[in-house]
2 protein chains.
Amino acid sequence: MEKRYASRMEGLSGNVIRDIFKLIDMPDIISFAGGTPSPSTFPVDDVKRISSHVLDTEGRRILQYGATEGYAPLRATVAGMMKRIGIRAGAENVLAVTGGMQGVDLMCKAFLDVGDAVLVESPTFLGALHTMKLYRPRIIPVPMDAEGMLMDALEERLVKFRPKFIYTIPTFQNPTGKTLGLERRKRMLELARKHGALILEDDPYRDLRYFGEGVPPIAAMDEGLENTAYLMSFSKILSPGLRVGAIIAEPGLHRKLTICKQGVDVHTSLLAQAIASEFVDGGYLARNLPQSIETYRDQLSAMLKGFDAFPAGVSHTKPEGGLFVWAELPGETDTAEVLKEAVKKGVAFIPGASFFTEPGHANTMRLNFSMSDAATITRGMGFLAEVLQSGM
Amino acid sequence: MEKRYASRMEGLSGNVIRDIFKLIDMPDIISFAGGTPSPSTFPVDDVKRISSHVLDTEGRRILQYGATEGYAPLRATVAGMMKRIGIRAGAENVLAVTGGMQGVDLMCKAFLDVGDAVLVESPTFLGALHTMKLYRPRIIPVPMDAEGMLMDALEERLVKFRPKFIYTIPTFQNPTGKTLGLERRKRMLELARKHGALILEDDPYRDLRYFGEGVPPIAAMDEGLENTAYLMSFSKILSPGLRVGAIIAEPGLHRKLTICKQGVDVHTSLLAQAIASEFVDGGYLARNLPQSIETYRDQLSAMLKGFDAFPAGVSHTKPEGGLFVWAELPGETDTAEVLKEAVKKGVAFIPGASFFTEPGHANTMRLNFSMSDAATITRGMGFLAEVLQSGM
């Protein structure tokens, strides 16, 4: 039978990185291609202990249907976390989501009609682009410099496209590792207010800071959350496999997102929510995070040092946290070709073109440093340097 | 700031049953209003044991990101369950979903453009209607008799509306408790084939059979799953709070649904999937289910017996399983008014009008029997009989 799919399915092929993962799926390859936290940071024993504990104390409640808004203890936990980063929100502003990606999906569902505009950083997170594309909006890229989105370019596009929202990852952005500075954050909020736009602040990497001083969330400057929705996630600080995050929004928007979530999965797994809540409230996060940060700091340092052996003309970001470094090769280089040579040497990365909505940018690449120890990263960067020095 | 929501949000108010739950939220009320399994059936200790076990053996895999298609052991488990009910499907046909509701959402996402037609039983599951409405289709009700959807009415609507799919709960339907007979199942599949329609067979109550002989799923008659997508759930046989189910589909449709799920929540919580898998494979389901069935059988019997004291002119279904009984009062009675009197006596139910897409049906009601023991149900049915006998 010929199936008559919806128009939104036309031309959608799923995650393009998948093909790259097939290319690099070989033993002993040093992979800078991933985008996941290191399994070495996963608190398996803690989760086991916490799971038993929450089932002992709240088992029948956790196994029953729950409220769409979220498990009450988790909502209180997240509200507390928000307070500590300056976001004035109560538990009533918290909507638990099945991983941060669902927050993006719910925002799209609540706001996007076909053809509506959304502004995104150029480049931006591939997964968010896929989620958005299923709503068939016009996705408008906003150029960045070393400090993130350019505010003049943003204002120009706010006026011209009147977007439903601005999607930004202001801290340790995926794929670039860039962090939007304080002044620009203030300016972005000002522009959003001036032009009646909403900011979706996706902030999953905030706690993974290895160097330098923290910058407050945009949402922390937006009293009453009139122009921001803040998306947090437990994927990078506890576990992505549990699928728990939260979106923090003013009551009107919170209600709309809840109505959307009712129709999507009713509620997020209560066992996962209960584990995330106790992971924070029981002090496990505070005990585990410094160790993860130390591990990742060494790995990031090794990667940054590895660039020293790269040929002149290669530029790269110098992130203070997160999971990614971004590099640009001289204009004519095609990193998809570099990748083929690199794989032969035993090292892999993701060509950067995938992270843009517009064509071009073939000379860019994303390098992840979370999946190998520092020594292996040094070795892998050495292989990459050889490939690039060889002139390819 | 005035937020510019998507057109799909217009007139959506969330679950209408919520208001009823507020009305009946008082201590000591006997509630036939729920739609959830009995917490007494939740295997809290088993889940605790299984959670520890799967974290011990596969902890780092379970806490990491997983494949959108599902956790491999869970996919194999579900394929085995399908074989036992006659559906010829392999693990590659199984897509894990975050509760059965997500299966409905993914089908809508893959198929529905604004204005497309979907056929549903009249009445049908409120939650599925809400999920569908977010895609702004034409929802076309198909009338039922005691044995479920009427096949002539179905064919007429297949021709007239050319629906993208038929949504059916053929076994112990919510809200009526009706089961579509074998001949009608065959006929529905024949009609779907003849008119190029797809059947979404939502079958969460299948294992909750207390009397009589099982009827094979429609999908079991559809070799190659050309015209059916089969939706199973662990919500009624293990726990709704975990949010695990699966949709079983032919490879082409499976791929489209996977692409949709990538954009929705990446994947379902791996801990929940691992628990569901081991719950079946470790023999826990086989040990627990008979006890649940025995409990529910007594409760259903008590409810059905309670109708004997109702006034003449009340008709009701006689389900052989599931969680619901459906009743129709004489034509002029408004069950919303009956509910007000009933609550004063200390018993509650859901007026049936909510489950229809068209106006009317004010004389119908849904009665759930899973949340009270048999003696309490007998008492509650007595109160209801008094209210109705009083002429109201």
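Small disclaimer: the values here were computed from a predicted structure and weren't measured. Lettering of chains follows the sequences in order, A, B, ..., and the numbering in each one begins at 1.
- Ranking B:Gly99, B:Cys108, B:Ala110, B:Gly66 against chain A, the residue ahead of the rest is B:Ala110, based on heavy-atom pairs under 4.5 Å.
- Looking only at side-chain heavy atoms (C-beta outward), B:Gln64 and A:Ser239 stay at 4.5 Å or farther from each other.
- Only the backbone of B:Ala197 has a heavy atom closer than 4.5 Å to any heavy atom of chain A.
- Between atom CD of residue A:Glu2 and atom CD of residue B:Glu226 there is a gap of 10.0 Å, rounded to the nearest 0.5 Å.
- Of all heavy-atom pairs spanning A:Leu112 and B:Ala6, the tightest one is N-CB, 3.6 Å.
- Geometrically, B:Lys3 does not engage A:Phe111 in a cation-pi contact defined by less than 6.0 Å to the ring centre and at most 45° from the axis.
- Contact count versus chain A (heavy atoms, under 4.5 Å) is highest, among B:Val114, B:Leu270, B:Leu55, for B:Leu55.
- Note on B:Val244, B:Leu106, B:Leu198: by heavy-atom pairs under 4.5 Å with chain A, the leading option is B:Leu198.
- With hydrogens and angles ignored, the 3.5 Å screen pairs no side-chain donor or acceptor of B:Gln102 with any backbone N or O of A:Val264.
- Chain A forms more heavy-atom pairs under 4.5 Å with one residue of B:Leu271, B:Thr36, B:Val104, B:Asp116 than with any other, namely B:Thr36.
- Contacts with chain A were tallied for B:Arg193, B:Met101, B:His267; B:His267 has the most, counting heavy-atom pairs under 4.5 Å.
- Contacts between B:Ile275 and chain A at a heavy-atom distance below 4.5 Å involve the side chain alone, from C-beta outward.
- Evaluation of the salt bridge (Lys or Arg N to Asp or Glu O under 4.0 Å) rule for A:Lys194 yields A:Glu155 as partners, not counting sequence neighbours.
- To the nearest 0.5 Å, atoms CZ (A:Arg8) and CG (B:Asp113) are separated by 6.0 Å.
- Residues B:Ser52 and A:Ser52 are in side-chain contact: their nearest non-hydrogen atoms beyond the backbone lie under 4.5 Å apart.
- Here the side chains of A:Arg162 and B:Arg4 are in contact, with some heavy-atom distance below 4.5 Å.
- Here A:Asp105 pairs with B:Lys109 in a salt bridge; the nearest charged N to carboxylate O distance falls below 4.0 Å.
- Looking at B:Glu250, the atoms closer than 4.5 Å to chain A (heavy atoms on both sides) all sit in the side chain, from C-beta outward.
- For the pair A:Leu242/B:Leu63, a side-chain contact is recorded, criterion being any heavy-atom separation below 4.5 Å from C-beta on.
- No other option in B:Gly59, B:Pro43, B:Ser269, B:Ser40 has as many heavy-atom pairs under 4.5 Å with chain A as B:Ser269.
- Heavy-atom distances place the backbone of B:Ile62, and not its side chain, under 4.5 Å from chain A.
- Only the side chain of A:Tyr135 comes within less than 4.5 Å of a heavy atom of chain B; its backbone N, CA, C and O stay farther away.
- Residue B:Thr268 touches chain A through its backbone alone, counting heavy-atom pairs closer than 4.5 Å.
- Within the 4.5 Å cutoff, side-chain heavy atoms of A:Met9 are placed close to those of B:Cys260.
- B:Pro163 touches chain A through its backbone: at least one of N, CA, C or O sits under 4.5 Å from a heavy atom, while the side chain does not.
- Heavy atoms of B:Tyr71 lying under 4.5 Å from chain A are absent altogether.
- What you find for A:Tyr65 and B:Gly35 is that their closest heavy atoms are CE1-O, 4.5 Å.
- Ion pairing of B:Asp265 with A:Arg243 is absent here, as no side-chain N (NZ or NE/NH1/NH2) approaches a carboxylate O to less than 4.0 Å.
- A donor-acceptor pair is defined here as one N or O able to donate and one able to accept, closer than 3.5 Å; such a pair exists between the side chain of B:His130 and the backbone of A:Ile259.
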